[in-house]
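Proteins get letters first, then strands, A, B, ... in listed order; numbering begins at 1 in each. Bear in mind that the values here come from a model prediction, so they are computed numbers and not experimental data.
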Amino acid sequence: MFALVDCNNFYASCERVFQPALEGRPIVVLSNNDGCVVARSAEAKALGIPMGKPWFKVAPAVRGAGVVVFSSNYALYGEFSRRVMQTLTQFSPRLEVYSIDECFLDVGGHRGDLTALGQAIARTVRRWTGIPVSVGIAPTKTLAKVANRLAKKGQAGQGPVCHWGEVAAPREALAALAVEDIWGIAARWGGRLRQAGVATALALAEADPSWLRRLGGVVLERIGRELAGCSCLPLELVPPAKKQIMVSRSFGERLSSLTDLQGAVAAFAARAGVKLRRERLRAQAVTVFVQTSPFADAEPWYANGVTLVLERPTQDSGRLVQCAQEGLTRIFRPGLRYQKAGVLLMDLTPAGAEQGLLFASQTPDSPATMRLMTCVDTLNREPARRVVCHARELVSTRWQMRQQRKSVNRPTDWAHLPVVHA
DNA sequence: TCTGGGGTCCTAGGACCC
DNA sequence: TCTGGGGTCCTAGGACCC
């Protein structure tokens, strides 16, 4: 049995924990650069604010409704995510952290009422972290997703918990679920399935698995079987090693000069290096890409990227910054207003293993370099603190994002720790 | 004025191996 | 009449997730 624990309106709920006055008020959280709506409180959903739409297009329609707007604060959400997942380990040692706000638990070993267990989970997470969650319990991951959806809608009648085994009319529940609302099926596949006469989760659950495989490959067949109660997607207890690491950002303002882009790309490469070392990996290929705005109809559209392959894999931010700069000079075209750039690390290998080379011209990362990286990472460890950086990162910081409504980090920043008066 | 970031998996097809 | 069988590696493209 799987339990899917999903935080309700996660980013909005995080913002509310230290500002209880926001309880009951509509909250939206915007994407990086204060662009699109990426999270909404229940009150904001009730106002009809859509997900994923640019805020500047949405805002006029809800002016005067008292909507509280936040820039996204990933240091804060990451900390709350860590606390929620830590709390969940109380209830099962076998868990898969599926995303920043979702976790699958193996509750197969639980003796006793699973609905009561779900309620204990929701109660404890709320009390220990301040975050409200919903719990769906079922014999497959896909059905746990369905059950979680019912729990969120309060259709199970058990508060924020739905145990699939106790749903009074499971066939009717599946028949009421549109095919594109199933986990793993989005607009494209939804359209194709509808054309083939499959419009609901019930129809998919009852379809012939071999027919599903011919139509949509092994992925679709698994979804069908999972909906029918046959578990095909196991719990991933050990997170698999990353295959690529990306750092990319839209700029706070359009940039035209090579110098401004150099500053941005250096900062992205250095940030990617930090992530690389945290994962104990090395990279052998570095891609850098730039693009102009896809929305500026009056301007020429330009998007380009280039990949540089190293002779030996590296963990050295200096090498990564250097590579990214070299790539940038190859794809930079003057006279354009760039909107976004990014650095992608690929061909990742574990830091401990070294493939020898017979005719090597480059040297591997030296012990001195690695000590330097460790030292720099330690100095910069505090979130959003940058004590030491590459000079290239300082040639320009004009790329930095708009974040006009970012909250402070009460749980992780000494300067903003809440004070309790007795 | 303004439009996110970071990932994964699967398949088909080409090239190549013995 | 009948034209092998079994495999790997790589890449591009499509689709999906939160």
> Side-chain contact, heavy-atom cut-off 4.5 Å: A:Leu212 with A:Leu204?
Replying inline: yes

> Rounded to the Å, how far apart are A:Leu233 CG and C:dC16 P?
Replying inline: 16 Å

> With a 4.0 Å cut-off on heavy atoms, is A:Ile182 in touch with a base, just the backbone sugar-phosphate, or nothing at all?
Replying inline: sugar-phosphate

> If every non-hydrogen atom of A:Gln158 is compared with every non-hydrogen atom of A:Gln119, which pair is closest and at what distance?
Replying inline: O-NE2, 3.3 Å

> In terms of side-chain heavy atoms of A:Gln244, which of C:dA15, B:dG5, B:dT8 is nearest?
Replying inline: B:dT8

> With a non-hydrogen cut-off below 4.0 angstrom, is A:Trp55 in contact with a base, only sugar-phosphate, or nothing?
Replying inline: nothing

> In terms of heavy-atom contacts, does CZ of A:Arg333 have more than 12 from other residues, nucleotides or ligands at under 6.0 Å?
Replying inline: yes

>> Mind checking if A:Asp101 touches a base, just sugar-phosphate, or nothing, with heavy atoms under 4.0 Å?
In response: sugar-phosphate

>> It should be established whether A:Lys145 places a side-chain nitrogen or oxygen under 4.0 Å from OP1 or OP2 of nucleotide C:dC18.
In response: yes

>> Can you identify which nucleotide, out of B:dG4, C:dC18, C:dC16, has its nearest atom closest to the A:Ser31 side chain?
In response: B:dG4

> Can a side chain N or O of A:Lys340 be found less than 4.0 Å away from OP1 or OP2 on B:dT3?
Replying inline: no

> So, is A:Arg402 close to the B:dT3 phosphate, meaning a side-chain N or O under 4.0 Å from OP1 or OP2?
Replying inline: yes

> Are any of the side-chain nitrogens in A:Lys141 or A:Glu236 under 4.0 Å away from the carboxylate oxygens of its partner?
Replying inline: no

>> Side chain of A:Val219, heavy atoms from C-beta onward: which of C:dC18, C:dA15, B:dC10 has the nearest atom to it?
In response: B:dC10

>> Using a strict threshold of under 4.0 Å (side-chain N to carboxylate O), is an ion pair present between A:Arg171 and A:Glu206?
In response: yes

>> Just to be sure I understand the rule, does A:Ile245 reach a base, reach only the sugar-phosphate, or reach nothing, if contact means heavy atoms closer than 4.0 Å?
In response: sugar-phosphate

> Nearest-Å distance, CG (A:Leu344) to P (B:dG6)?
Replying inline: 10 Å

> Just how far, in rounded Å, is P of B:dC9 from CD of A:Glu221?
Replying inline: 19 Å

>> Near DNA chain B, counting only heavy atoms under 4.0 Å, which residues of residues 249-264 of chain A show up?
In response: A:Arg249, A:Ser250, A:Arg254

> When you compare C:dC17 with B:dG4, how far apart are their C1' atoms, in angstrom units rounded to a whole number?
Replying inline: 15 Å

> In whole angstrom, what separates A:Arg188's CZ from B:dT11's P?
Replying inline: 18 Å

>> Taking 4.0 Å as the cut-off, does a side-chain nitrogen or oxygen of A:Lys243 come that near to OP1 or OP2 on B:dC9?
In response: yes

> Given B:dC10, B:dT3, B:dG7, which nucleotide is nearest the side-chain atoms of A:Val218?
Replying inline: B:dC10

>> Check this for me: does any side-chain nitrogen of one of A:Glu221 and A:Arg225 sit under 4.0 Å from a carboxylate oxygen of the other?
In response: yes

>> Please determine whether a side-chain nitrogen or oxygen atom of A:Ser248 lies at a distance below 4.0 Å from atom OP1 or OP2 of B:dG6.
In response: yes

> Which residue, A:Arg337 or A:Met246, contacts DNA chain B at a nucleotide closer to its 5' end, judged by nearest heavy atom?
Replying inline: A:Arg337

> Starting at CG of A:Leu281 and ending at P of B:dG7, how long is that distance when rounded to a whole Å?
Replying inline: 11 Å

> Taking the side chain of A:Arg192 as heavy atoms from C-beta outward, which of C:dC17, C:dA15, B:dG4 is closest to it?
Replying inline: C:dA15

>> From NZ of A:Lys141 over to P of B:dC9, roughly how many Å is that when rounded to an integer?
In response: 12 Å

> Which part of the nucleic acid, if any, lies within contact of A:Ile185, taking any heavy atom under 4.0 Å across all strands shown: a base, the sugar-phosphate backbone alone, or nothing?
Replying inline: sugar-phosphate

>> The test is salt bridge (charged side-chain N to carboxylate O under 4.0 Å, His left out); show your working for A:Arg398 and A:Glu253 and say whether it passes.
In response: CA-CA 8 Å; A:Arg398 285 181 62 191; A:Glu253 55 179 303; 3.0 Å; yes

> Nearest to the side chain of A:Glu102, which nucleotide is it out of B:dG4, C:dC17, C:dC18?
Replying inline: C:dC18

>> Can you measure A:Trp183 atom CH2 to B:dT8 atom P for me and round it to whole angstrom units?
In response: 15 Å

> Applying ring pair (Phe, Tyr, Trp, His ring centres under 6.0 Å), which residue pairs with at least one partner in residues 180-214 of chain A are found, sequence neighbours left out?
Replying inline: A:Tyr98-A:Trp183, A:Phe104-A:Trp183

>> At less than 4.0 Å, is any side-chain N or O atom of A:Arg222 found next to OP1 or OP2 of B:dC9? Yes or no.
In response: no

> Among A:Phe332, A:Trp399, A:Trp301, A:Phe251, which residue meets the ring pair (Phe, Tyr, Trp, His ring centres under 6.0 Å) test with A:Tyr338?
Replying inline: A:Phe332

> Between atom NZ in A:Lys57 and atom P in B:dG4, what is the gap in whole Å?
Replying inline: 11 Å

